[in-house]
Every structure is written in C-alpha cells, then in structure tokens.
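What follows is a set of notes on a single structure, which appears directly below.
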Amino acid sequence: MPPLADRLDINTESKWQKVWEERQLYNFDEKDKKKPIYSIDTPPPFTSGDLHMGHVLSYAYFDFVARYKRMTGFNVYYPQGWDCQGFPTETKVEQKYGRKPPEEFRKLCVEWTGTCIERMRNQMQSLGFSADWRYQYRTMDPSYHKLVQKSILQMYDSGQIYRGEHPVFWCPSCRSALAKTDTEEAERQTQLHDIKFEIESEGGKKQDLIIATTRPELMHACVAVLYHPTDARYNKLKAKHAITALGSRVPFKSDPDVDPAFGSGVVMVCTFGDKQDVVWMYRHKLPLIKALDERGKIINAPEGLSINGLSITDARAKLLEKFKLEGKLLSSKPLQQVIKVHDRCKKPIELALSWQWFARITQKRDEIVKAARSMRWLPPFAISYLEDWANYVEWDWVISRQRVFGTPLPFWYCSKCDKSIPADEKELPVNPPTMEKKCPKCHSALTPETSTCDCWVDSSVSPLAISKWGVDEKFFKRTYPASLRPQGVEIVRTWAFYTIYRCQELTGKPPFVELLLNGNVLAPDGKKMSKSLGNIIAPDKLLTDYGADSIRIWAALSGAMAKDRPFSYQDIQYAKSFLHKLLNAGKLVQKAVEGYEPKDNDATHLRPIDRYFLHRLHSVVSEANSAWSEYEFQRMTKVTQEFFWHEFCDYYLEYVKYRIYETAADKQHSRRAAQYALYTIYSTVLKLLAPITPHASEELWQMFATKENDSIHLHSYPTPVSRFSSPASVIAGLLLAGIMAEIRQQKSARKLPLNAPVKGLKLGLPAEQAAALPHIEEELKMAGGVQMIECTDSDAISIEVEF
RNA sequence: GGACCCGUGGUGGAAUGGUUAACACGUCGCUCUUACAAGGCGAAGACUGAGAGUUCGAUUCUCUCCGGGUCCACCA
C-alpha cells in the first residue's frame, strides 16, 4: 500500500493531473455503442489569457456533472472550445505591434490568441477540469470558419440572413456597426440648450417657438418638430410648419411619444439623434438626412455654416456661438444624461444608416421562445430572461462587424447587377478580400465583402461545432442536441438566445435538453470585481494557497444557481480544513484496513453500531443521488461532509478504535466487522466526493486500489444499500449518541478531561431503548470509559453521570 | 416606467405550512487523549426587513410597504 501524501495540496493535485492525462482517463469513447451518451456544450471562454472566478464557478459546475455522469455509466462527451475573435484582442495586438495590413494583422492576432489559450488551458487543467482535449475547437480556425460560413450560407438561402440599409448603432471611434448587446450606459453631464425656432401658422403668420436640445450640431438634419397631441400650448395653433434656427421649413406635428413636461414640450426630430428619432422617422414618413459620416464628422450641413468635416464637439461649439450672436440661444442649462457607449472602447455611440448584414430574429421570436420552452431550465425562472428579451427585441440582429479579426462574411457584391453573391459551399472557408471573383451573370469584377461576423455568430453554433454538423452525419446524430448547456445567466439573451435561434433554424431541432445557469462571483465585499476597485480575486493565487479541490468545494457550496454570490474566504478555508480532516481520517482508516479485503462473511458479525452507521451511509447516498439529479451540488456536498465529519469522524471512529487494535483471537470477528464497516463507509465517501474533489478522492482511494493503475474515477458512483438498516440498530445508534453527548457535556461542565473515566451511569429508559442498551454496552465501556451501568424503567430517557 | 431575484444570529449562508430555525467563519470557556491543535469537547448568539391577510398553526402561501440587486425600455 503506497504511503499517503503528507498533505493534499497543489503538488498532489498536479501529480494526479499528469497521471490522468497520460492515461487519457476522460476520453469520450466514439466506438462505444452501448453506453448512453451525455454531451456537454461547454462555454468557449473568450481568450483573454486568464480565467476569472466566474469561469471557475461555471466550469466547476459542469465538471462536477461530467464526472458524476461518467461514474453513473454515461459515455461523457466533454469538449472544450475557445472564443477567439474579438475586439479586445485587436486592441491588444494593435497596442503591441501597431497597425498592420489586414492579413498580417490577422496572423498576429492568431499567434497572440494561441499563447492566451495555452495559459487558460493550463489553468483549467490545474483546476482538474476533465475535458477531452482531443475535441478542442477554436473559433479562429479555418475549420470553424468553414462551419460558420456554411451556416450563414444556409441561412442566406432560406432568407434568414439579408443585406440591408438600416439605422444601426455605430461606434465612430471603432468605425463599426454594433448590436445592442455591445452597448452599455454611461452617465455624463451635458448642456440643454433652449433655441429659438419659429412656427408658421396658416396664412404664413409666424411666432417664436422654443426648443430644448442637447444636440444642436444635428440641427441641419432636423426633419420635423413634434408636440404632444393634448398639449394646449400647441394643438390650438393649427400650425403646419416650423422654421428651424437654421431657417429650414419642416413639418410641425403631434405625436403621443413627446413628453410635454420636458423642456418646452416640443422636440426636433433629427435623423438620427437617438433611437426615438428613428421611430419617428418611420412613423411620420420623414425624409432622412445623414448628418454624420462613419468617423463621426459632420456632413451634409449647408455650406454657409462651414461645419462639415468638424467633430461633433467642434461643430456644436461653432453653432452655439452663431446662435448666440443671432440671439437665438436663449439659455443653456446643465443636464445629467445617460448615454449609450460602446462596451469595448467606452466612446459614445451614434445611430447611423449603413449597409449591414442582418438576421431576421424579429420574425422568429415565437419559435425561439417555443424552442426554449422545450428545454429544462435550471433554475426555471432563468428562462424569463430569454422570454423578456425575445418579446421586446425590436430590430433584427446586426451580424456584420467592420473588424479584421473575425470570421469573414462569405459574400461578394456586383454593382452592375446590384446583387449580393454568396460563396460556393465547395470553396469554404473563404476570405473574400483575398479572392478575385467575377459575377456569374454579367462577368464583371465583384466587390468583396470586407466585414466580418459578430462574435456571437461564431459562438452561436457551438452545439453544431461539437457535434460535427455537416461533417459527420453519424456523429451529429449521436451528439446533437447537447444533453447539457451550462452557462452564465448574464449571457442568456446573447449566447443562449442566438444559439437557440440559429441551431433551431439550421437543424430544425432545439440544441439542448437542459440548461444549467450560474450566477456571477462578486468580491467578498459584495461588489462586482473590477480592476479599478482592486478587489479581484485571481484563481492562480487561490490555487497555490488552497488547492484545486478546496476551490471546487467552494464552488459546490456556492449557493443557489443563477444567483450572484460574494466570494468567501471563510468557505474556502472550511473546504481546506475539510480536506485535512479527510486525509487524517484516511490515515487512521488506512491503518485499520491494512491488508484487509472486504468479505460478505464479515458483515454477519457487524455490531449494531456498525449497522447503524452503514444505515446512515445508505441515507446519505440516497440523498446525494437525489441532489445530483437536480444539480444541487450544495446539498450533495453538504450532506456528505456533515455525515463524514460530524458522524463518522466525531463518533464512529471513536467507537471502533478499540476493535481495530484488538489482538485477542476470540475478538477477530469483531475486528474484521469493524474493518468491513470502516472500509465500506470511507471508500464510499471518497466516491461520493470524487466528482467534487477528484484529486483528494484519487489520492486516498489508493489505499483501496487492488490493481495497477486503478482510479476512483473509473468506479461506479455509490448507490444506496439498505440491507444493514434495521429499526433496532437505529435506536441503539441514537441512544449511544445521546448518552455520549451527555457524558461529554457533563465532563465539560465539570471541567474534567475528556478521557476521565465515568464511574457510574444511571439510565432511565423506555422499553425500546432499554432493549437496545445491551447492544451498546460494549461501546459505552470501551469508548466512553463507563465503568458501571444501571438502568431503570422510565417514560422518558434520563441520563445521570457519576465521576 | 416594466419585469425578475432577494432581504434569516457579528459575517457568509441552508431549510421547512407544524416539536428547541442547519452549517461554516468569527466569539467565549475547557483540552495537545497514540488520525487530525488546519484538531477535539462545551457554550453564548436570530422575536427569519415592516405591516396586514389566508390557516388550528407561517420564516415558508397572498397582498401592501420599506430596503438591496439584476435585466429591459426611455431620457429631445
């Protein structure tokens, strides 16, 4: 029997990680046709180079599931991918190497991402995650591009993807279209200016009209002035037109969306100052004036103003100066305003009309919700994030981005025929800007699409990527839909939403059976972890201080699903102490079972107290299994820990010690029975915990290993065994615990040492307990140090201790 | 403005339509007994945010309010 590790730390853990990898312990068995397949559509993390605690929590969750499922007879398919292409990488690579031609730049991004993946993969392995790395995918690989492009072509053919000119969120700083989910809000101080317009009543009579605006620089794009229909100040005027401060004549109309309490109750509609302007433009069929170019510079202003080409702020200053001179600027007041900014560069976003590629999600909202409802959501309320989003989403999904490091959109454009030309499926993957193509109709040279896909276009086909959709039909049938989709609750409306939409659309089937949602990990102070607050907890530091299994126990105990939870050093400290206890108890058990192999015959000599603890084990195993079926890691871990520490260690080990050291020939039956129980209980606890604490369980399992290269992870998960349960042994077990507790309490009250002998024990017992007393007398004497026992009949249990 | 989640001892957090509301950390005593002082034993500490209702009985169900959080919409 190999000696146990002195401590269960990161060294023991990495030892086992290497062994597991060498033995390819977690491989999915493609050839196995008997075991049911359990496939996990794991989240591909963005390749930032570092895992954060949110990853750790989420990935621990499904690693628990993967390990549990393997032990319960499933052929677990657990691939891991990487979401590579994204704006932050471009930013970092540009910072490091400067601007480069697209193809060279792309290569640098791939290289950079490769090193990031290396680091993150090492972190995952240090945490004991049991992915099958043979199936790793990277969204930047040609094979992945091929998949994404194939999916786009198919959706283009079915009319789900189209090119169109629509108002989109536009980042002038990054010069790219954005989806709503790429935006966030920022508060800022701005000025609200009252500017003098005029209204023109019937017959050409003019009077002053005051308009409040924060964006005077867009005034040349003003196409209407609106007021609320019930606003008495304006609805009686019967005016048809307004004259802007720049002198243009625009319609003067009523609209229910105008807030009569804001400013002067009238609003100028500029195409486009904000989203409301877009709504109004379509509603009132207003003309469109493009006021800004793609860099956010003013265009289309009257020459006389000479603001064309100026930045927004410069143009604003210039115009205000002009209005002031003309007496049209009546006042300027500070205004606290919330504006949309790009979540990557934090610069303000504009709305712009632009040619982009779209996916028709607005048509499909009901189908998406229906597909989502066909899955099991854990916890159930999490589906409401998706339903809310589906019911309110107003615009189609902009899937094109004006970036370099992304999946190229497989299209060309013929300006003569005015048509988009898709790539031929046979030539995928394609990068249009590097290819010359002629129009199949008119044979003129085609313009390549230079935009790339939004990163969610890549990640929303992860279930298809892992199931080899379009590549290996048999494999696809076996692994799609994924049994489990684990993910963070904050990306339900992006990753889950787009994945359900796209996969349903492409395959006609919903992509998952169950979804398991996790919340965010907050800093110990309950706030969001952020660099600026300096409250970030790094997994690497926790690994060296506490080890992977402690982190995993922390994750398992980390509260309810889909709820944010502060990180707790108390919890992880408890986890570490628990592992220490597990090891130390293991040392005693090892001594006890040295050279012992369990035989059924030994079970016939079990003492009632042994039976009681085997019965308790049975209950714990039952509850653990039921908790697993609901993914209640906390309940599963808790019930096992409580039993192990506060029943098995605190009581049972004390009860049986004397039997372990027994040498008398006539007591060997009793000794072997104790060995049998110790062996059974301890090894079962290790197995119960194996999915949570794979390293500790493996290390300690070695005392039971009977063959070379045995691993606890190749064994079956414990199932309840009730044959040792009997009412009499339960009464005996509870009675003994009650008496022992009373003795300890009395010793403590009298400040006696715990090993002080008990001269006499006077018990008053009801019939049931009195009948059980002979079963536990031996334990009372040997483990409790009781010298004399007296028992009288009584209705209730009474215990008197004499020292 | 709308939706959802939540409010339990000093702290973090379980659980339940019904006997003294887990557990951990922390605190206070005692204790190095040959698996473990990163341990053992004992103790103190919660009228489960406020109010009302349903009920024989609510911390658990309903409503209102207060407080915290998340998401969505809008902000001329």
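Just so we're clear, the structure is a prediction, and the values are computed from it rather than from any experiment. Numbered from 1 within each chain, the chains take letters A, B, ... in sequence-line order.
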Side-chain N,O (His646(A)) to OP1/OP2 (A24(B)) below 4.0 Å: yes

Whole-angstrom distance between A43(B) and C6(B), as gauged at atom P: 35 Å

Proximal nucleotide (of A35(B), C41(B), U11(B)) relative to the Gln570(A) side chain: U11(B)

Separation between the C1' atoms of G39(B) and A15(B), rounded to whole Å: 29 Å

Lys275(A) side chain near C74(B) phosphate (N/O to OP1/OP2, under 4.0 Å): yes

Closest to the Asp650(A) side chain, choosing from C41(B), G2(B), G12(B): C41(B)

Distance below 4.0 Å between Tyr661(A) side-chain N/O and A35(B) OP1 or OP2: yes

Flag for Arg233(A)-Ser264(A): side-chain donor and acceptor within less than 3.5 Å: no

Minimum-distance nucleotide to Leu653(A) side chain [options: A76(B), A35(B), C41(B)]: A35(B)

Below 4.0 Å: OP1/OP2 of C23(B) and any side-chain N or O of Gln634(A): no

Any Trp645(A) side-chain nitrogen or oxygen under 4.0 Å from OP1 or OP2 of G40(B): yes

Ring centre gap for Tyr682(A) and Trp701(A) strictly below 6.0 Å: no

G39(B) OP1/OP2 closer than 4.0 Å to side-chain N/O of Lys581(A): no

Touch class at under 4.0 angstrom, heavy-atom based, for Ala585(A) against every strand present: base

A76(B) base stacked by Phe262(A) (centroids within less than 5.5 Å, tilt under 30°): yes

Aromatic ring pairing Phe578(A)/Phe644(A), orientation class (parallel under 30°, perpendicular over 60°, tilted between): perpendicular

Lys576(A) side chain, from C-beta outward: closest of A76(B), A38(B), C23(B): A38(B)

Centroid-centroid under 6.0 Å between Tyr631(A) and Tyr61(A) rings: no

Phosphate OP1/OP2 of U31(B) contacted by Ser748(A) side-chain N/O (<4.0 Å): no

Parallel, tilted or perpendicular, as decided by the 30° and 60° cut-offs, for the rings of Phe613(A) and Tyr655(A): perpendicular

Nearest-nucleotide pick for Phe381(A), side chain only, options being C5(B), G12(B), A35(B): C5(B)

Side-chain N,O (Gln745(A)) to OP1/OP2 (A43(B)) below 4.0 Å: yes

Out of A38(B), A76(B), C75(B), whichever nucleotide has its closest atom nearest the side chain of Gln276(A): C75(B)

Whole-Å C1' distance, A38(B) and A50(B): 43 Å

P-based separation of G29(B) from A22(B) [nearest Å]: 24 Å

P atoms of U48(B) and C74(B), separation to the nearest Å: 43 Å

